[in-house]
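Computed from heavy atoms alone, side chains included, the values below leave out hydrogens, waters and symmetry copies.
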Amino acid sequence: MLRFTTAGESHGPALVSVLEGLPAGVPLLASDVDTDLARRQQGYGRGRRMQIETDRMEFLSGVRAGESLGSPIAMLIRNSDWKNWTEIMDPAPRAEDAEGLRKRHVTRVRPGHADLTGILKYDRYDARDILERASARETTARVAAGAICRVLLREVGVHVGSHLVHLGGIDAIRPDTMPDDLNAASDASQLRTLDANAEARMIEKIDAAKMEGNTLGGICEVVVTGLPVGLGSHVSWDRRLDGRLGQAMLSIPAVKGVEIGMGFETARRTGADVHDEIEAAPGRTRAGHVRRPTNRAGGTEGGMTTGETLIIRVAMKPISTLMRPLGTVDMATGQAAAAVAERSDVTAVPAMGVIAEAMAAFVMADALLEKVGGDSLGEVRRNLDGYLAH
């Protein structure tokens with residue numbers, strides 16, 4: 001029902017995002033996207049690239065007079081840093097013996113990146129042909145598509161937020177009652193965490209890692225409220241919502257783990273400590289007039305939404321580019337060398353949470369349209385109301 005694709009390189013002229021399948025009549029402004037693009041750039045521990053880029057989106061198609069048309073929505077996000085890379089990234093043919101350009105070839109491949117595997121798979125000499133597209137800069141275009149999906153969800157009462165729960169070995173305490181506006185609360189923090197005491201210790205850890213030329217990973221929690229019961233399906237492996245969310249999250253660069261609800265902890269507990277009891281709850285229409293007081297399952301059962309809050313935790317490894325580079329092989333000579341050190345963040349976990357929100361918004365918007373259908377926002381609402389009434 002809904003799909004998106006992105007194009008562009010990290011230091012190319014621009015990034016492009018194309019979202020297809022959004023119903024007509026969804027109210028859209030450039031600021032809906034720009035707000036999330038700005039949120040993606042925040043976070044203590046980010047590198048100099050965030051000081052260069054001030055991401056702004058331009059609609060190229062699919063929107064008129066502030067509303068979606070039902071046709072593909074194309075969005076352009078220009079790279080401000082392109083002006084510094086026009087010679088290196090020029091798409092026109094160039095003389096291979098240009099000494100200045102050859103010196104800029106990346107042959108000292110970086111451990112943990114796509115560099116080595118990519119140049120072997122695609123038969124390239126310069127790892128820049130790989131790293132430019134493999135760069136997490138591409139996620140800017142994902143956030144643009146996810147921001148549009150977020151608007152559709154908001155129009156039917158579904159909200160997506162996130163907060164940081166772990167960084168560099170330090171856990172943040174999750175409040176018993178989440179803020180009504182999760183993103184407003186988490187975005188007020190330099191690390192997008194709800195635990196001020198943990199944040200102070202995390203910042204100290206980031207500063208120490210920066211001095212060492214090192215990097216840190218962490219975990220963010222995505223929270224989706226207002227979902228109706230029954231999105232997704234149990235009938236085929238590729239329609240199970242858990243699997244679709246897992247694939248979406250694991251596609252984010254540097255993400256190595258995903259769990260829903262209690263996740264891995266369920267393997268360490270007995271069934272009585274894991275499964276949610278169900279009780280009657282008249283008036284909870286979106287959950288089928290029942291409640292799971294504990295919500296240990298995190299909002300899904302059997303590959304479908306339960307109507308409870310969806311809770312996804314996403315784990316990001318430390319960024320692979322270290323300012324004190326790891327050892328590698330120079331593919332031009334076959335000799336041992338220190339890996340090339342591209343500009344890098346100490347940590348990008350707070351930004352990863354915003355990207356994870358975008359991917360969750362896309363998956364949930366797709367599942368919503370799959371369930372209720374509709375070529376216009378009005379039809380989507382009518383179909384959803386009819387389903388819930390039934």
- Please round to the nearest 0.5 Å and tell me the distance separating atom CD of Glu155 and atom CG of Leu384. 12.5 Å

- Message: Has Asp126 got a side-chain atom pairing as donor or acceptor with His105's backbone, closer than 3.5 angstrom?
- Response: no

- Please check if the side chain of Ser61 supplies one atom and the backbone of Pro72 the other of a donor-acceptor pair under 3.5 Å. yes

- Query: Quick one: do Val156 and Tyr387 end up in the same hydrophobic cluster if we chain Ile, Leu, Val, Met, Phe, Trp and Tyr together by side-chain heavy atoms under 4.5 Å apart?
  - Reply: yes

- Query: Can you tell me if Asp375 uses its side chain to pair, donor with acceptor, with the backbone of Pro23 under 3.5 Å?
  - Reply: no

- Item | Carboxylate-amine/guanidinium contact Asp276 Arg292, below 4.0 Å | no

- Item | Side-chain touch Arg324/Asn214, heavy atoms, less than 4.5 angstrom | no

- Heavy atoms only: give me the nearest Ala356-Met249 pair and the separation to one decimal. O-CE, 3.3 Å

- Item | Heavy-atom neighbours of Arg174 CZ exceed 12 at 6.0 Å | yes

- Task: Could you tell me the separation between the CG atom of Asp34 and the CZ atom of Arg56, rounded to the nearest 0.5 Å?
- Result: 5.5 Å

- Return the minimal non-hydrogen interatomic distance between Ile77 and Ala141, and the atom names on each side. CD1-CA, 4.2 Å

- Message: Testing the 3.5 Å rule here: is there a donor-acceptor pair between the side chains of Arg142 and Thr6?
- Response: no

- Item | Pair Arg128 + Glu9, salt bridge at N-O below 4.0 Å | no

- For Ala145 and Ser17, the nearest pair of non-hydrogen atoms, with its separation, is CB-OG, 3.5 Å

- Message: Is there a path of hydrophobic side-chain contacts, each under 4.5 Å between heavy atoms of I/L/V/M/F/W/Y residues, joining Val258 to Val160?
- Response: yes

- CE/Met57 to CG/Leu15 distance, rounded to the nearest 0.5 angstrom? 13.0 Å

- Task: To the nearest 0.5 angstrom, please state how far the CD1 atom of Ile130 sits from the CZ atom of Arg124.
- Result: 7.5 Å

- Message: Taking Leu182 as the starting point, is it possible to reach Val224 by hopping between hydrophobic residues whose side chains are less than 4.5 Å apart?
- Response: no

- Message: Between Asp195 and Arg201, does any side-chain N to carboxylate O distance fall below 4.0 Å?
- Response: no

- Query: What is the minimum heavy-atom distance between Arg244 and Arg239, and which atoms define it?
  - Reply: NH1-O, 3.1 Å

- Message: A quick test of your reading: do over 12 heavy atoms of other residues, nucleotides or ligands sit less than 6.0 Å from CD1 of Ile173?
- Response: no

- Query: Within the distance-only criterion (no hydrogens, no angle test), does the side chain of Gln190 pair as donor or acceptor with the backbone N or O of Tyr44 below 3.5 angstrom?
  - Reply: no

- Query: Does a side-chain heavy-atom distance below 4.5 Å link Cys220 with Val349?
  - Reply: yes

- Message: Looking at His289, I'd like to know if its NE2 atom is crowded, meaning that more than 12 non-hydrogen atoms belonging to other residues, nucleotides or ligands lie closer than 6.0 Å.
- Response: yes

- Query: Which heavy atom in Ser162 sits nearest to a heavy atom in Asn183, and how many Å separate them?
  - Reply: N-OD1, 3.1 Å

- So if you build clusters from Ile, Leu, Val, Met, Phe, Trp, Tyr with side-chain heavy-atom gaps below 4.5 Å, do Leu19 and Leu60 land together? no

- Message: Within the supplied structure, the quantity of interest is the number of heavy atoms (other residues, nucleotides, ligands) at a distance under 6.0 Å from Asp273 CG; does it exceed 12?
- Response: yes

- Salt-bridge test for Glu265 and Arg296: reply yes if a basic N is under 4.0 Å from a carboxylate O, no otherwise. no

- Query: Are side-chain heavy atoms of Leu37 and Thr140 found at a separation under 4.5 Å?
  - Reply: yes

- Check whether any side-chain N or O of Thr328 sits under 3.5 Å from a backbone N or O of Arg110 as a donor-acceptor pair, and report yes or no. no

- Under the side-chain contact (heavy atoms from CB on, under 4.5 Å) test, residues paired with Ala38 that sit two or more places apart: none

- Item | Stepwise side-chain contact (heavy atoms from CB on, under 4.5 Å) test for Arg286 and Val158 | CA-CA 11 Å; Arg286 294 202 171 202; Val158 178; 4.0 Å; yes

- Is the count of non-hydrogen atoms from other residues, nucleotides or ligands lying under 6.0 Å from Lys210 atom NZ greater than 12? no

- With a 3.5 Å cut-off and no angle check, do the side chains of Thr306 and Glu301 form a donor-acceptor pair? no

- Donor-acceptor pair, side chain of Thr215 and main chain of Ile319, under 3.5 angstrom: yes

- Message: Within the supplied structure, the quantity of interest is the number of heavy atoms (other residues, nucleotides, ligands) at a distance under 6.0 Å from Glu277 CD; does it exceed 12?
- Response: no

- How about Leu28 and Val151: do any of their side-chain heavy atoms sit closer than 4.5 Å? yes

- Message: I'd like to know if the side chain of Thr347 and the backbone of Leu216 have a donor-acceptor N/O pair within less than 3.5 Å.
- Response: yes

- Query: Any idea how Phe362 and Phe4 line up, ring-wise: parallel (<30°), tilted (30 to 60°), or perpendicular (>60°)?
  - Reply: perpendicular

- Salt bridge Arg284-Glu308, side-chain N to carboxylate O under 4.0 Å: yes

- State, yes or no, whether a side-chain contact exists between Val229 and Met304 at a heavy-atom distance under 4.5 Å. no

- Item | More than 12 heavy atoms from other groups under 6.0 Å of CG on Asp238 | yes

- Would a 4.5 Å heavy-atom cut-off, applied to side chains only, mark Met359 and Val222 as touching? no

- Task: Group every Ile, Leu, Val, Met, Phe, Trp and Tyr by side-chain heavy-atom contacts under 4.5 Å, then state whether Ile219 and Val255 land in the same group.
- Result: no

- Report yes or no: does Arg133 contribute a side-chain atom to a donor-acceptor pair with the main-chain N or O of Gly8 at less than 3.5 Å? yes

- Task: Could you pull out the closest heavy-atom pair between Ser135 and Ser10, with the gap in Å?
- Result: OG-OG, 3.5 Å

- Message: What's the separation between atom CG in Leu241 and atom CD1 in Ile260, rounded to the nearest 0.5 Å?
- Response: 7.0 Å

- Message: Less than 4.5 Å apart, side chain to side chain, heavy atoms only: is that true for Leu245 and Met364?
- Response: yes

- Task: Evaluate the side-chain proximity of Tyr122 to Asp129: yes if any heavy-atom separation is below 4.5 Å, no if none is.
- Result: no

- CD-CD1 distance between Glu199 and Ile170, expressed to the nearest 0.5 angstrom: 11.0 Å

- Task: Check the pair Arg39 / Asp36 against salt bridge (Lys or Arg N to Asp or Glu O under 4.0 Å), numbers first and verdict last.
- Result: CA-CA 5 Å; Arg39 293 177 61 236; Asp36 278 358; 3.1 Å; yes

- Query: Is the backbone N or O of Arg240 less than 3.5 Å from a side-chain atom of Ser233, with the two atoms forming a donor-acceptor pair by type?
  - Reply: no

- Please determine which of Asp81, Asp55, Asp345 meets the salt bridge (charged side-chain N to carboxylate O under 4.0 Å, His left out) test together with Arg137. Asp55

- Polar side-chain atom of Thr193 near backbone of Leu164 as donor-acceptor pair, under 3.5 Å: yes

